[in-house]
Asker: 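Here it is, the structure, as structure tokens.
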Amino acid sequence: MAVRLLKSKPRLRRYTDLAAVIHILQTRSLTLLDPEKWDDGNDRVTLAEYKKRRQLKSLLAMCFAECAETYHHWKVFAPGMSGICIEFAKEPLVAAFDQIDGVRQQAVEYRMTSIRNLGPTWKVEELPFLKRAPYQPEEEYRVIYCSADDEIKALDVNINLNWIQRIVLSPWMPTSLQDSVRTALRRLDGCNGVPVQSTALISSEAWKRRVEGAV
């Protein structure tokens with residue numbers, strides 16, 4: 001098993017939607033999928049090239065954020081009122097991925113590129129964990145699964161619900177719906193103790209009080 005030095009960031013945040021969170025809670029698993037439909041065309045090309053160079057039959061992936069919540073993460077990865085952020089304790093989740101043959105995981109490295117000056121040649125083994133520098137604010141942590149023998153479209157990784165630090169509801173979810181969603185999630189088997197919270201990202205009472213108190 002790989003030995004890993006963890007950063008001083010104890011949580012991994014997965015931005016997704018309500019349907020996916022229900023699946024995670026009910027099955028107690030995270031599902032790595034084929035990245036062929038990812039929005040970032042550079043990412044798709046990079047992973048496809050790695051798959052071709054390594055003659056893989058399967059390459060699956062899942063992404064997390066290591067930074068605190070941002071408007072960008074919500075708007076891009078969990079848009080609309082059904083968006084959800086599920087926060088995991090990093091250490092046990094990383095350990096669970098490490099137990100699976102064929103899995104690699106690490107923080108993404110962001111690099112500058114220029115048509116005039118491409119810089120040093122990149123190594124094939126680096127490719128799954130490289131992105132263009134403009135994406136650096138995402139602070140992405142990526143998990144990939146590779147197989148040269150089996151062609152699969154999904155891989156379920158078992159998790160413990162105790163690893164969930166909290167579930168955060170979309171900043172665009174109407175207040176009138178939040179209590180019903182909290183109740184529904186907590187009624188799932190084993191989920192009664194999982195914290196389900198709202199976010200003040202786009203409507204902060206503390207911010208409003210500071211504005212009103214300006215002199």
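In this chain, residues are counted from 1 in sequence order. Just so it is clear, the structure is predicted and the values come from calculations on it, not from any experiment.
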Asker: Between Glu126 and Arg111, does any NZ, NE, NH1 or NH2 come within less than 4.0 Å of an OD or OE carboxylate oxygen?
Answerer: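 Yes, this pair counts.
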Asker: If the threshold is 4.0 Å, N to carboxylate O, is there a salt bridge linking Glu205 and Lys208?
Answerer: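 Here Glu205 pairs with Lys208 in a salt bridge, since their nearest N and O are under 4.0 Å apart.
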Asker: When Ile, Leu, Val, Met, Phe, Trp and Tyr are grouped by side-chain heavy atoms lying under 4.5 Å apart, directly or through other members, which residues fall in the same group as Val211?
Answerer: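 Trp207, all in the cluster of Val211.
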Asker: I'd like to know if Glu140 and Lys131 make a salt bridge, using a cut-off of under 4.0 Å between side-chain N and carboxylate O.
Answerer: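 Yes, charged N to carboxylate O under 4.0 Å.
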Asker: Take the angle between the ring planes of Tyr15 and Phe77 and call it parallel below 30°, perpendicular above 60°, tilted in between.
Answerer: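 It falls in the tilted class, 30° to 60°.
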Asker: List for me each residue that meets side chain to side chain donor-acceptor pair (under 3.5 Å) alongside Asn162, sequence neighbours excluded, and say none if there are none.
Answerer: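 Applying side chain to side chain donor-acceptor pair (under 3.5 Å) to Asn162 gives Asn160.
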Asker: Which atoms form the tightest heavy-atom contact between Leu59 and Pro35, and what is the distance?
Answerer: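 Closest heavy-atom pair between Leu59 and Pro35: O-CD, 3.3 Å.
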Asker: Can you tell me how far CG of Asp150 sits from OG of Ser58, rounded to the nearest 0.5 angstrom?
Answerer: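 Those atoms lie 6.5 Å apart.
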Asker: Which residues satisfy the side chain to side chain contact (heavy atoms under 4.5 Å, CB included) test with Pro79, sequence neighbours excluded?
Answerer: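 Per chain and number, Pro79 pairs via side chain to side chain contact (heavy atoms under 4.5 Å, CB included) with no residue.
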Asker: Which heavy-atom pair separates Cys67 from Glu138 by the least distance, and what is that distance?
Answerer: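 That would be SG-O, 3.8 Å.
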Asker: Salt bridge between Lys90 and Glu66, side-chain N to carboxylate O under 4.0 Å?
Answerer: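 A salt bridge is present here (some side-chain N lies under 4.0 Å from a carboxylate O).
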Asker: Please give me the minimum heavy-atom distance between Leu130 and Val108, naming the atom from each residue.
Answerer: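 Closest pair (atom of Leu130, atom of Val108, distance): C-CG1, 4.3 Å.
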Asker: Any carboxylate oxygen within less than 4.0 angstrom of a Lys/Arg side-chain nitrogen, looking at Arg53 and Glu49?
Answerer: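 Here Arg53 pairs with Glu49 in a salt bridge, since their nearest N and O are under 4.0 Å apart.
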Asker: Specify the closest pair of heavy atoms between Cys63 and Arg14, including all atoms of both residues, with the distance to one decimal.
Answerer: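 For Cys63 and Arg14, the tightest heavy-atom pair comes out as O-NH1, 2.8 Å.
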Asker: May I ask you to test the Val157-Ile100 pair for a side-chain heavy-atom distance under 4.5 Å?
Answerer: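 Yes, side chains in contact.
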Asker: Looking only at heavy atoms, which two atoms of Ala133 and Tyr110 are closest? And how far apart?
Answerer: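 Residues Ala133 and Tyr110, closest heavy atoms: CA-CB, 4.0 Å.
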Asker: Taking Asp43 as the fixed residue, which of Arg132, Lys37, Arg142 is the one that meets the salt bridge (charged side-chain N to carboxylate O under 4.0 Å, His left out) rule?
Answerer: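 In the set Arg132, Lys37, Arg142, the residue that makes a salt bridge (charged side-chain N to carboxylate O under 4.0 Å, His left out) with Asp43 is Arg142.
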